[in-house]
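Below is one structure, written out as structure tokens; comments come after it.
Scope of the values below: all heavy atoms of this structure, side chains included, with no hydrogens, waters or symmetry mates.
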Amino acid sequence: MELVARRIEGLFKKAVQKTESGFNEWDKLVIQPASSEEFGDYQTNFALTSARFFKKAPKVFAQELISSVPENKVIEKLEVAGPGFINIFLKNEFVSGVVAGSVSEKWGFSHKNLSGVVVIDYSSPNIAKPMHVGHLRTTIIGDSIKRIMRYVGYEVIADNHLGDWGTQFGKLIVGYRMWLDKDSYEKDPVRELERIYIKFQEESEKDNVLEELARGELKKVQSGDEENLKLWKEFVTVSVAGIKKIYSRMDVDFDTWYGESFYHSLMPEVVEELLKKEIVKEDEGALVAYFDEEENLHPCIIRKKDGAYLYATSDLATVKFKNDTYKMNKAVYVTDDRQQAHFRQVFSIAKKAGWDMEFAHVVFGIMSFKGVTISTRGGNTIHLSNLLDEAEKRAYDVVNEKNPELPEDEKRNIAKVVGIGAVKYADLSQNRTSNIEFSWEKALNFDGNTAPYLQYSYARVQSVLRRAKEAGFLPDITKEITFETGIEKQIAVAIVRFPEVVEKAADYYKPNLIAEHLFDLAQKFSTFYNSCPILKCEEDMVISRMNLAYITAETIKLGLSLLGIGTVERM
RNA sequence: GCGUCCGUAGCUCAGCUGGAUAGAGCAACGGACUUCUAAUCCGUAGGUCAGAGGUUCGAAUCCUCUCGGACGUGCCA
């Protein structure tokens, strides 16, 4: 089914072609949601932005335009307002038909370039340390972008670029040999590794010989020392198991797990290719890429004078690998904004190397707690597992209070879906690149603009539908939805706009647009629910209202699923 | 020094790809449950969009400068 804004766009295109040939700046023709209900359902500023091209006064041009729009089943009324806005009012029957179609047909996004593969690199924790709330943003935002892009029709590969080859392994090997507590290692290896890691940090501040030892042990891992390699493998295995447990709780998964260790063997040929293409030069024994002045980037070291590779080399290897392995459309990286310069360098080098694809660095601000950036080393971590535990516990307490009669396992499930949904939504509903301060209160809030609010709206509809079923009614989308009140029409229009919001969210990598739209829809639904009875109104309105409620719920469910958040039948 | 990001209601944030009177949530205050789940709804109050210039028919949004904050900046990741 074609997006409504695109249908309107098509009509205006015809109108323009009727009045004037030779116009080709079609990207100026933007149909947007009306900024206020009084201005209709959609609006366009096209007459204002393009009046100059047509050498006409905006208002005059707008008037001509609306009288040239061909006969159609979509638009009820057009009016010119203010300096030359065109307000677009849709036909009720049309809106109602689109709303009904939205549950039976798939939205069409074939106008987009969907060919090729999109690889999204997100989460990518440094392993052998437990995941903490600092990992939340990349994990949740990346997972949502994956879901959104898949829904739109891209072939998406979710890649977890694990930090499984870094300096932490040298430190862990040293610490493991010195301070291991066997019992706690057996009980919870990841926690014990974390303890060792923190202890190493503390001790090495007093005694910098430790750092040197660690570098030595790391070197041994990388050169294939059997005993160290065995330890490394063990650390990787236990950490990945721990990480997967967390992902499973959060309903996050990946298609590939090409960690840094995977790319290690590819580094030499990457460097060789860059040398051959004269993108990097030797300087003081290191290999360095330089950039044009207008790129405004610092030189980037690709290989150290001791022959070791760096972060940039590793990321360049990922790009080359993607280019060689897949027919690429886009490569997307979801990280905090400290890495902006790094990725600008990587993308620039990759383009010069001819590794052809679109690049996107999706950035967000770093998370701090009590004013300090969260890090394992800083000792101010909040383990992700603790946050999820607490979220589930609080959600459980609420369900238990509101619906004590529900079966225990259902209450547990509700607590999980609602608690984790709240945590995810708190992050996904904001998309500022500014830094954020972690707050328990915010992450665990269940009131207002939160996931539980949306889930609650969904559950209420299910409750109505259950009662309707008992009374012998069922939603029937072949029956028309009529708008008796203004709020019913507003709900319908919000449903019509939903796929347009999804498309925008995919284009700009902004899940918060979906969150915002769902909240708006759910708020309108709550208003409707509280003021208009669904089952206790005149008989011919029952089916109409039930249909509207049903489709609203389905839209909320779909939207939440694009955010990686589930729904429950009761809560 | 240079660069990037940020500064919007008491708090947390939307809006930033220029459009009509700057929006939510939380907190505050007042109302609505014998009626489809009150994790809800309705209403009130709250703003020199950090500041100053500029571009434009039109600026929270684009440009310049100033102030304030965070981060990055040749051999860490």
Using atom types as modelled, flag every donor-acceptor pair under 3.5 Å from a side chain in residues 32-39 of chain A to any protein atom, sequence neighbours excluded.
residue : atom : partner  : partner atom : Å
A/Gln32 : OE1  : A/Asn45  : ND2          : 2.9
A/Ser36 : OG   : A/Glu38  : N            : 3.4
A/Glu37 : OE1  : A/Gln490 : NE2          : 2.9
A/Glu37 : OE2  : A/Gln490 : NE2          : 3.3

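Comparing B/C13, B/U37, B/G19 by their nearest atom to the side chain of A/Leu48 picks out B/G19. Taking every side-chain heavy atom of A/Thr527 into account, B/C41 is the closest of B/C41, B/G15, B/C36.
Straight-line distance between the C1' atoms of B/G58 and B/C62: roughly 13 Å, to the nearest whole Å. A distance of about 12 Å separates the C1' atoms of B/U61 and B/U8, rounded to the whole Å. Across B/A28 and B/G74, the matching P atoms stand 49 Å from one another, rounded to whole Å. The C1' atoms of B/G7 and B/U12 are separated by 14 Å, rounded to the nearest whole Å. B/G68 sits 31 Å from B/G18 when the P atoms are compared, rounded to a whole Å. Taking atom P on both nucleotides, B/A52 is separated from B/C67 by 15 Å, rounded to a whole Å. Between B/U44 and B/A9, the two C1' atoms lie 15 Å apart (nearest whole Å). Only the C1' atoms considered, B/C65 is 36 Å distant from B/G25, to the nearest whole Å.
A/Leu297 comes within 4.0 angstrom of no nucleic acid atom, judged by non-hydrogen atoms across all strands. Heavy atoms of A/Ser35 sit under 4.0 angstrom from at least one base atom. Across all strands shown, A/Asn449 has heavy atoms under 4.0 Å from sugar-phosphate atoms exclusively, and none from any base. In this structure, A/Tyr456 reaches the bases: a heavy-atom distance under 4.0 Å links it to at least one base atom across the strands shown. Note on A/Ala459: a base of the nucleic acid sits closer than 4.0 angstrom, heavy atoms only. When heavy atoms are screened at a 4.0 angstrom cut-off, A/Ala81 is found touching base atoms of the nucleic acid. When heavy atoms are screened at a 4.0 angstrom cut-off, A/Asn45 is found touching base atoms of the nucleic acid. At the heavy-atom level, A/Cys537 lies nowhere under 4.0 Å from the strands shown. A/Glu38 comes within 4.0 angstrom of a nucleotide base, judged by non-hydrogen atoms across all strands. Among the heavy atoms of the strands lying under 4.0 Å from A/Arg570 is at least one base atom, whether or not backbone atoms are also near. Nucleic acid contact class of A/Val30 (heavy atoms, under 4.0 Å, all strands): none. The residue A/Lys524 sits apart from the nucleic acid: no heavy atom pair falls under 4.0 Å. Across all strands shown, A/Ser463 has heavy atoms under 4.0 Å from base atoms, whether or not it also approaches the sugar-phosphate.
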For nucleotides 72-77 of chain B, just jot down a letter per nucleotide in 5' to 3' order: B, S or -, based on protein non-hydrogen atoms under 4.0 Å. -SBBSB
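For the pair A/Glu488 and A/Lys524, the salt-bridge criterion is not met [side-chain N within less than 4.0 Å of a carboxylate O]. Ion pair A/Glu410/A/Arg570 flagged as a salt bridge, since at least one NZ, NE, NH1 or NH2 atom sits closer than 4.0 Å to an Asp/Glu carboxylate oxygen. With salt bridges taken as basic N to acidic carboxylate O contacts below 4.0 Å, one links A/Lys112 and A/Glu503. With salt bridges taken as basic N to acidic carboxylate O contacts below 4.0 Å, none links A/Arg467 and A/Glu470.
Evaluated for a side chain to side chain contact (heavy atoms under 4.5 Å, CB included) with A/Phe364, the options A/Asp337, A/Asn431, A/Thr138 yield exactly one hit, A/Thr138.
You'll find a donor-acceptor pair under 3.5 Å spanning the side chain of A/Asn87 and the base of B/A20, going by distance alone. Within 3.5 Å, a donor on the side chain of A/Gln43 pairs with an acceptor on the base of B/A20, or the reverse.
Both A/Phe519 and A/Gln340 lie close to RNA chain B; mapped to their nearest nucleotides by heavy-atom distance, the more 5′-ward contact belongs to A/Gln340. Between A/Val399 and A/Glu437, the one whose closest nucleotide on RNA chain B sits nearer the 5' end is A/Glu437.
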Wobble G-U and Watson-Crick pairs count when both distances are under 3.5 Å; given that, what is the 5' to 3' dot-bracket string of RNA chain B, with | for pairing to other strands? (((((((..((((.....[...)))).(((((.......))))).....(((((..]....))))))))))))....
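A close approach under 4.0 Å does not occur between any side-chain nitrogen or oxygen of A/Gln430 and OP1 or OP2 of B/A24.
Atom pair A/Lys442:NZ and B/C26:P shows a separation of 13 Å (rounding to whole Å applied).
Close placement of the A/His161 and A/Tyr263 rings is indicated, their centers lying within 6.0 Å of each other. Between A/Phe321 and A/Tyr258, the distance separating the two ring centers is shorter than 6.0 angstrom.
For the pair A/Lys171 and A/Phe200, the cation does not sit on the ring face, since its NZ or CZ is not both under 6.0 Å from the ring centre and inside 45° of the axis. Annotation: cation-pi pair A/Arg545/A/Tyr550 absent, no NZ/CZ under 6.0 Å from the ring centroid and within 45° of its normal. For the pair A/Arg412 and A/Tyr396, the cation-pi test (distance below 6.0 Å, angle within 45°) is passed.
Stacking between A/Phe85 and B/G19 is absent: the aromatic ring centre is not both under 5.5 angstrom from the base six-membered ring centre and within 30 degrees in plane angle.
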